[in-house]
Amino acid sequence: MPSASARAKIASKKAAASARAQKPSDVVPSQPAPGSLDAGDTRVYDKVLFPASLTARQRAILHEIAEEHGFAHNSDDVEGQRQISICSKTRSSDTTKVLSDDGAAVSDKDLCAVLKETLNIDASKAFSSSHSNGSAAAKLPQKGALQKNCKVLTVEDYVSQTLPLLELEKDAEVAQAQDSIAQSRPEAAQARGRALLNLRVQDAEGGLLGRTLLTLVSNKGGGALAGVPLSAHKVRPHDVVELRPSKGDASQPAIASGIVHRVWDTSIVVAVEEMPDEGLEQPLRLDKLANEVTYKRLRETLEALRGAQASSVLVDVLFGRAMPRFVQNPPAWTMRNARLDASQQRAVSRGLAAKDIALIHGPPGTGKTTAVVELIQQEALRGNKVLAAAASNVAVDNLVERLTAADPKLVVVRVGHPARLLPQVLSASLEAHVAASDNSALAKDCRRDIKAANTALLKLSRKDYSERRALRAELKALQKEERRRQQRAVDEVLKRATVVCTTLTGVLMRDLRDLQFDVAIVDEAAQALEAATWSALLRAPRAILAGDHLQLPPTIISDAAAKKGLSRTLFERLQGMYGDSISEVLTVQYRMHAAIMEWSSQELYHGKLTAHASVASHTLSDVQGVDGENEALGPLVLLDTAGCGMEEAADEDSDSKWNEGEAKVALAHADRLLAAGLQPASIGIITPYNAQVHLMKSMRTEDMSAMEVSSVDGFQGREKEAIIISMVRSNDSGKIGFLADQRRMNVAVTRARRHCCLICDSECVGKDAFLGRLVQYFETNGAYLSAAELVSE
């Protein structure tokens with residue numbers, strides 16, 4: 001183990017060279033010449049436009065052939081279908097061969113004949129190879145191609161096993177939601193975090209593309225108290241919720257329902273489609289609902305996977321029936337982001353060379369999304385239509401924000417409910433694009449006419465029967481025309497989009513159901529259910545998944561479903577099947593001091609990580625206004641509660657645990673950081689238990705109000721200059737519960753940039769081998785203090 005000073009000097013040596021660009025020229029089709037697959041025209045053409053009726057497998061093989069011969073190839077929307085064109089290396093006469101499309105199936109033999117006659121390409125081997133078979137009878141990979149002891153599922157086995165697990169998960173979520181709404185024990189529901197009682201509407205304002213935003217705050221003290229923290233809860237942005245009277249019969253219809261837009265310590269903002277006429281003036285309760293639409297979409301995805309298995313090369317590869325393929329001599333590309341390090345460049349190259357699947361493995365702080373943004377831009381430059389998706393709305397919005405900043409000219413459309421979008425990406429939303437289209441302007445004309453007709457209808461008496469009937473007929477026609485024009489506007493926007501960004505379950509929204517893409521890129525794939533990931537992968541012949549299976553997996557409510565495999569992601573399964581043969585790991589991290597990074601690098605990433613020179617030795621003393629010349633403010637600090645009498649506690653109505661002594665120690669250390677000059681917003685306190693989160697929030701002083709306190713799960717993907725970790729568990733038997741999950745502690749430690757403080761009972765948690773090594777690492781490489789030095793029980 002190198003010393004702390006030696007590790008602080010580690011600097012990354014980045015490769016600066018990049019290959020020269022080989023950018024295909026823009027193709028402007030000439031006037032279509034009449035022709036069909038069996039036409040006798042044997043002239044060699046500069047470009048061939050293939051019919052849209054080709055299968056996904058045939059399109060994938062044509063892309064492969066073009067890549068291998070160095071030909072430019074594009075895929076465009078033609079009435080909602082993908083139509084491929086292949087362009088020769090040299091274009092002398094600018095002639096185009098257009099193959100007629102009567103909707104009938106096209107045989108491989110005919111395609112081979114056309115390629116030979118027009119572009120002088122012999123494609124017989126490509127279409128007759130085993131990987132192009134696309135059926136369940138496709139040859140298995142050669143011996144040794146898969147990882148040792150790798151269990152390969154069939155599509156039918158996977159679907160049959162997963163459907164009942166999704167049902168278990170749905171039932172668990174519905175049961176939680178019903179329990180929260182149950183009138184008999186509202187306090188118990190609140191304790192479980194799915195309900196908030198005694199709220200009042202502080203503000204109601206228009207916005208969010210026509211929705212109404214309701215700001216709800218605590219009604220304690222009759223609403224006279226300002227800034228009262230809300231009770232502990234599990235309500236998060238994007239949740240579906242209902243508002244009811246705080247007291248009364250919970251079985252009555254809700255006053256309003258909507259989507260959670262923002263969550264703060266003292267307020268929650270809910271977006272509703274329409275402002276309710278009455279009921280908001282009284283004390284309210286907010287109930288988090290189960291979103292059963294998600295499970296319906298996942299079931300639809302699995303049934304679609306069953307149907308696609310006989311015609312998709314990608315499905316064959318992802319279930320071990322065919323080997324992953326990569327272009328041997330891929331076209332060169334020029335970086336749009338000149339700051340990419342060598343491992344990021346390799347990851348982008350791997351993705352561009354993939355004929356079916358590639359993985360980008362991004363450990364904490366290694367710039368995974370930076371590589372994904374570059375990859376999307378490169379795919380767009382090749383003329384490909386890209387589906388960019390992720391499990392969470394926040395991850396999708398992050399992609400949209402980064403893409404639009406990197407290339408303002410790139411046509412990016414964010415699909416999703418506006419309440420689920422961050423404010424900074426609303427201009428890229430589908431609704432914003434639609435509002436700016438010509439067809440939407442025509443639809444607005446219809447709405448004006450509808451309003452005028454309604455006004456006229458209200459003025460007529462019941463005796464004016466014929467006039468009323470005529471107006472109603474006019475209204476019906478106007479409403480039909482408005483819907484038609486709006487749908488045409490949506491179709492126009494999505495057809496024009498180069499990159500469509502949405503959540504994985506959002507891929508199945510009605511507006512996207514008929515769209516096909518050239519490549520699907522899934523960010524944060526190691527946090528997505530495999531069933532959800534398939535919703536994106538079934539829309540394209542190629543896919544790139546980016547993530548880190550050594551960080552937290554998807555959150556599963558049903559313990560039974562999790563234990564039976566629902567929490568295992570496609571990213572993790574493919575990593576286990578094919579290993580490094582399809583995966584490129586990012587190795588330079590840009591977040592942490594080398595001493596913070598080194599533990600996770602050695603423990604989980606085989607020592608592959610290197611701290612970039614810009615962060616390798618940065619400390620709190622480098623932050624403006626901070627006096628950090630104190631060993632307790634260095635990169636690593638262990639505050640040991642062993643022997644201090646700070647034991648854990650638990651509530652009867654909840655499995656969550658807390659530790660008051662550790663809470664005091666955490667806040668005392670935070671106070672020391674504040675006293676040294678660090679800003680509250682630069683400090684994060686993380687703990688695995690929600691009860692501990694609530695306890696520490698209630699104990700914060702006023703000057704700590706901007707300091708974030710959250711669970712480990714809530715902090716994934718985030719970072720702070722200083723992180724304080726409260727591990728909570730302290731008991732004589734050495735029980736540590738889900739602290740034993742190595743991924744959870746990996747996430748907790750790697751949120752820190754310059755300072756990581758670990759608070760734990762070393763005697764208790766040290767009985768676990770993994771956590772024991774963590775405690776030992778902090779003790780050996782950082783400052784060790786007894787918790788009694790900060791507080792006394």
Mind checking the OG1-CZ spacing from T750 to R718? Nearest 0.5 Å is all I need. 13.0 Å
For L620 versus A722, what's the shortest heavy-atom pair and its separation? CD2-CB, 4.5 Å
Do L785 and L638 touch side chain to side chain, with heavy atoms closer than 4.5 Å? no
Run E648 and N731 through side-chain hydrogen bond (donor to acceptor under 3.5 Å, both in side chains) and show every step you take. CA-CA 7 Å; E648 66 189 56; N731 54 74; 2.8 Å; yes
How many angstroms lie between atom CG of L165 and atom OG of S567, to the nearest 0.5 angstrom? 10.0 Å
side-chain hydrogen bond (donor to acceptor under 3.5 Å, both in side chains) between Y295 and D171, worked out: CA-CA 10 Å; Y295 297 102; D171 291 344; over 6 Å; no
Minimum heavy-atom separation for A546 and V372, please, with both atom names. CB-CG2, 3.6 Å
Is it true that a side-chain atom of K720 and a backbone atom of R753 form a donor plus acceptor pair closer than 3.5 Å? no
Check: W599 main-chain N/O paired with Q602 side-chain donor or acceptor under 3.5 Å: no
Can you name the nearest heavy-atom pair linking S762 to V775, along with the distance? CB-CG1, 3.9 Å
Tell me whether N746 contacts the main-chain N or O of L550 through its side chain, where contact means a donor paired with an acceptor under 3.5 Å. yes
Would you mind reporting whether D640 and Y784 have side-chain heavy atoms less than 4.5 Å apart? yes
T533 (side chain) donor-acceptor with L529 (main chain) under 3.5 angstrom: yes
Taking only Lys NZ, Arg NE, NH1 and NH2, and the carboxylate oxygens of Asp or Glu, determine whether E167 and K170 approach each other closer than 4.0 Å. yes
Going by heavy atoms in the side chains, are D397 and R414 under 4.5 Å from each other? yes
How about I259 and D239: do any of their side-chain heavy atoms sit closer than 4.5 Å? no
Close side-chain approach of V272 and L214, heavy atoms under 4.5 Å: yes
When you measure from the side chain of S246 to the backbone N and O of N198, does any donor-acceptor pair fall under 3.5 Å? yes
Tell me yes or no: between the side chains of T215 and D203, is some donor less than 3.5 Å from an acceptor? no
Taking 4.0 angstrom as the limit, do D713 and R744 come out as a salt bridge? yes
Are the side chain of S726 and the backbone of E662 linked by a donor-acceptor contact shorter than 3.5 Å? no
L758 versus V637: any side-chain heavy-atom pair under 4.5 Å? no
For E647, look at atom CD and say whether over 12 heavy atoms of other residues, nucleotides or ligands are found less than 6.0 Å away. yes
Side-chain ion pair, D523 and K368, N-O less than 4.0 Å: yes
Quick one: side chains of residues 667-675, donor-acceptor pairs under 3.5 Å with protein atoms, not counting sequence neighbours, listed by atom name and distance.
residue : atom : partner : partner atom : Å
H669    : ND1  : R672    : NH2          : 3.1
H669    : NE2  : H755    : NE2          : 3.0

Determine, for R568 against E530, whether the closest basic-nitrogen to carboxylate-oxygen distance falls under 4.0 angstrom. no
Around atom CD of Q679, are there more than 12 heavy atoms from other residues, nucleotides or ligands closer than 6.0 Å? no
Do V749 and L774 have side chains that get closer than 4.5 Å, going by heavy atoms? yes
Distance (rounded to the nearest 0.5 Å) between L639 CG and T641 OG1: 9.5 Å
So how far is it from K657 NZ to S730 OG, rounded to the nearest 0.5 Å? 12.5 Å
With a 6.0 Å cut-off (strictly less than), is the heavy-atom count around CG of D732, excluding the residue itself, greater than 12? no
N398 side chain vs V394 backbone, donor-acceptor pair below 3.5 Å: no
Mark yes or no for whether S267, through its side chain, and W264, through its backbone, hold a donor-acceptor pair below 3.5 Å. no
Calculate, to the nearest 0.5 Å, the distance between atoms CG and OG belonging to L504 and S535 respectively. 5.0 Å
If you draw a 6.0 Å radius around NZ in K767, do more than 12 non-hydrogen atoms from other residues or ligands fall strictly inside? yes
Short N-O contact, R244 and E242, less than 4.0 angstrom: yes
V396 and T502: side-chain contact (heavy atoms from CB on, under 4.5 Å), yes or no, with the steps? CA-CA 6 Å; V396 178; T502 183; 5.5 Å; no
Hey, is E719 close enough to R751 for a salt bridge, meaning N to O under 4.0 Å? no
CG/N219 to CD/Q202 distance, rounded to the nearest 0.5 angstrom? 11.5 Å
Can you spot which of Q716, H549, Q551 makes a side chain to side chain donor-acceptor pair (under 3.5 Å) with Q527? Q716
When you compare the side chain of Y605 with that of M597, does any pair of heavy atoms fall below 4.5 Å? no
side-chain hydrogen bond (donor to acceptor under 3.5 Å, both in side chains) evaluation trace for T366 with Q589: CA-CA 4 Å; T366 53; Q589 71 84 18; over 6 Å; no
Within the distance-only criterion (no hydrogens, no angle test), does the side chain of S786 pair as donor or acceptor with the backbone N or O of E789 below 3.5 angstrom? no
What do the steps show when you test R700 against D265 for salt bridge (Lys or Arg N to Asp or Glu O under 4.0 Å), and what is the final call? CA-CA 12 Å; R700 279 183 303 183; D265 287 347; 2.8 Å; yes
